[in-house]
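Just so it is clear, the model here is predicted, and its values are computed rather than measured. Hydrogens, waters and symmetry mates play no part in the numbers below; they use all other heavy atoms, side chains included. Numbered from 1 within each chain, the chains take letters A, B, ... in sequence-line order.
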Amino acid sequence: MSRKLDYPSAADDALVKAAQKADMQAFEELVARHRDKIYARAVSMMRNEEEAADLSQEAWVKAWQRLKQFQGEASFVTWMTRIIINLCLDQLRKQKRLRAESIEQLDEESGGVERQMPVVTPNPTERMERGELRQRIDEALGKLSCEHRTVLILHEFEELEYKEIAKRMQCSIGTVMSRLFYARRKIAALLAGWKREELR
Amino acid sequence: MINHETELRLQAYLDGELSPGEAKAVEDFSNSDADARSLFEELKLTKSLLAENELEVRLPESRGFYWSKIQRQIEREEKGQASEQAETAATSWWLRFLAPAAALVALAVLVVVALRAPKGAEALVALDDSHEIETPLEETSSFSFQSEAAGMTVVWVDSHRE
């Protein structure tokens, strides 16, 4: 006779196995554990809380429907994060906020504004409190174009390789490299600009 | 000023995307070029700042409320799928049994019509509008053919017909 699962203390793997056998209570526990992370990724990509809440909900429904396909190659939360990223990318493409290859890229390749910016040294965020720094970085991310922000999120937060980002964003590796470069340079310039304003 | 390709190679080096040979070449270059070195340092700093400082965001809904929405949507979609499957099953049943039956009935009707059709009728099908064929009641065994163009009338009597 199988023992009843203690949901709050069970590991993700055990909950996933139970959920794969249609145990909704196990799935609810997984939702409760990881819902903030999934929602946060949607917020960072969409820059809209309402849309992010809807998409994160949709991601959980899709996860339930595809749970049998989850083989455990990656962790459950990594698998879930991939689902929400794909949903956000689809939504951004539908809204035409995300372009595969763009005119903007031509500008970048010929030397966009960011190329002319002086290199930022020393660290403009020194002595900044962590909470404030996080807030500043988030504001800076909000000032980037959708393409630049998405590349940065996928590379810096999700730690995806260039090749994987190119596949997901349906563009070339060269475009990924270029977007990442300008995104980083712009973030550095924005942080330095705020620092200069504070010192005045 | 370093060119864009070199800038991207510096970045690829930082991200660990180069082969060992390429990485060594870029490293040597950045050590010997002050502009390359300072750009590399800026990219590195930005990368580390981002990696460690993603804003923490919390879903502004209670556990119970959020789950109830997900659960309702799952149930709604499962019901939708179930009725879709039932519809598909009904359609496949129809295709498996009724369609061949309908084809058999159609075939039977064709056979009956062909058997009951007057013999020799096929030969007259190709005639044009200037000709007229009189086909009396089925029980009779004669046909008359009249052509105004040819100025002739032919009456054909089937002596073999019962």
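With chain B as the partner, the residue from Leu133(A), Leu141(A), Ile153(A), Ile187(A) showing the most heavy-atom pairs under 4.5 Å is Leu133(A). With chain B as partner, the option from Lys163(A), Gln65(A), Lys62(A) having the largest number of non-hydrogen pairs under 4.5 angstrom is Gln65(A). Of the listed residues (Asp35(B), Leu10(B), Leu49(B)), the greatest number of heavy-atom pairs within a distance under 4.5 Å of chain A belongs to Leu49(B).
Proximity to chain A (any heavy atom under 4.5 Å) is shown, for Ser48(B), by neither the backbone nor the side chain. Contact of Leu180(A) with chain B is made through backbone and side chain together, with heavy-atom distances under 4.5 Å. For Val61(A), the parts lying near chain B are the backbone and the side chain together; criterion is any non-hydrogen pair under 4.5 Å. For Ser56(A), the parts lying near chain B are the backbone and the side chain together; criterion is any non-hydrogen pair under 4.5 Å. Proximity to chain B (any heavy atom under 4.5 Å) is shown, for Glu49(A), by neither the backbone nor the side chain. In this structure, chain B has no heavy atom under 4.5 Å from any part of Glu158(A).
Partner Glu54(B) forms a salt bridge (charged side-chain N to carboxylate O under 4.0 Å, His left out) with one of Arg41(A), Arg130(A), Lys37(A) and no other, that one being Arg41(A).
The shortest heavy-atom contact between Ser38(B) and Val119(A) is O-CG1, 3.3 Å. In plain terms, the two heavy atoms of Ala40(A) and Val57(B) that are nearest each other are CB-CB, 3.9 Å.
Using modelled atom types, one side-chain atom of Arg35(A) and one backbone atom of Glu61(B) make a donor-acceptor pair closer than 3.5 Å. Distance alone, capped at 3.5 Å, is enough to place a donor-acceptor pair between the Asp36(A) side chain and the Leu59(B) backbone.
Taking a 6.0 Å sphere around CD of Glu75(B), one finds it holds more than 12 heavy atoms contributed by other residues, nucleotides or ligands.
The pair Glu42(B)-Arg185(A) meets the salt-bridge criterion, since a charged nitrogen lies less than 4.0 angstrom from a carboxylate oxygen. Salt-bridge annotation for Glu28(A) and Arg63(B): present, with a side-chain N of the basic residue lying under 4.0 Å from a carboxylate O of the acidic one. With salt bridges taken as basic N to acidic carboxylate O contacts below 4.0 Å, one links Asp15(B) and Arg184(A).
A donor-acceptor contact under 3.5 angstrom links the side chains of Trp64(A) and Glu78(B), judged on distance only.
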- Can Trp60(A) and Ile74(B) be said to form a side chain to side chain contact (heavy atoms under 4.5 Å, CB included), step by step? CA-CA 9 Å; Trp60(A) 287 111; Ile74(B) 288 172; over 6 Å; no

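Between the CG atom of Leu152(A) and the CG atom of Leu50(B) there is a distance of 5.0 Å, given to the nearest 0.5 Å. In this structure, the separation between CD1 on Ile173(A) and CD on Glu17(B) is 7.5 Å, given to the nearest 0.5 Å. The structure places NZ of Lys69(B) at 12.5 Å from CD of Glu58(A), a figure rounded to the nearest 0.5 Å.
Two residues are said to be in side-chain contact when any heavy atoms from C-beta on lie closer than 4.5 Å; Tyr66(B) and Tyr39(A) fail this criterion. With a 4.5 Å cut-off on side-chain heavy atoms, Phe181(A) and His4(B) count as touching. For the pair Tyr162(A) and Gln11(B), the minimum side-chain heavy-atom distance is below 4.5 Å.
Identified by a heavy-atom distance below 4.5 Å to chain B, the contributing residues of residues 9-26 of chain A are Met24(A), in residue-number order.
Under a hydrophobic-cluster definition in which Ile, Leu, Val, Met, Phe, Trp and Tyr are linked whenever side-chain heavy atoms come within less than 4.5 Å, directly or via other members, Val77(A) and Phe27(A) are assigned to different clusters.
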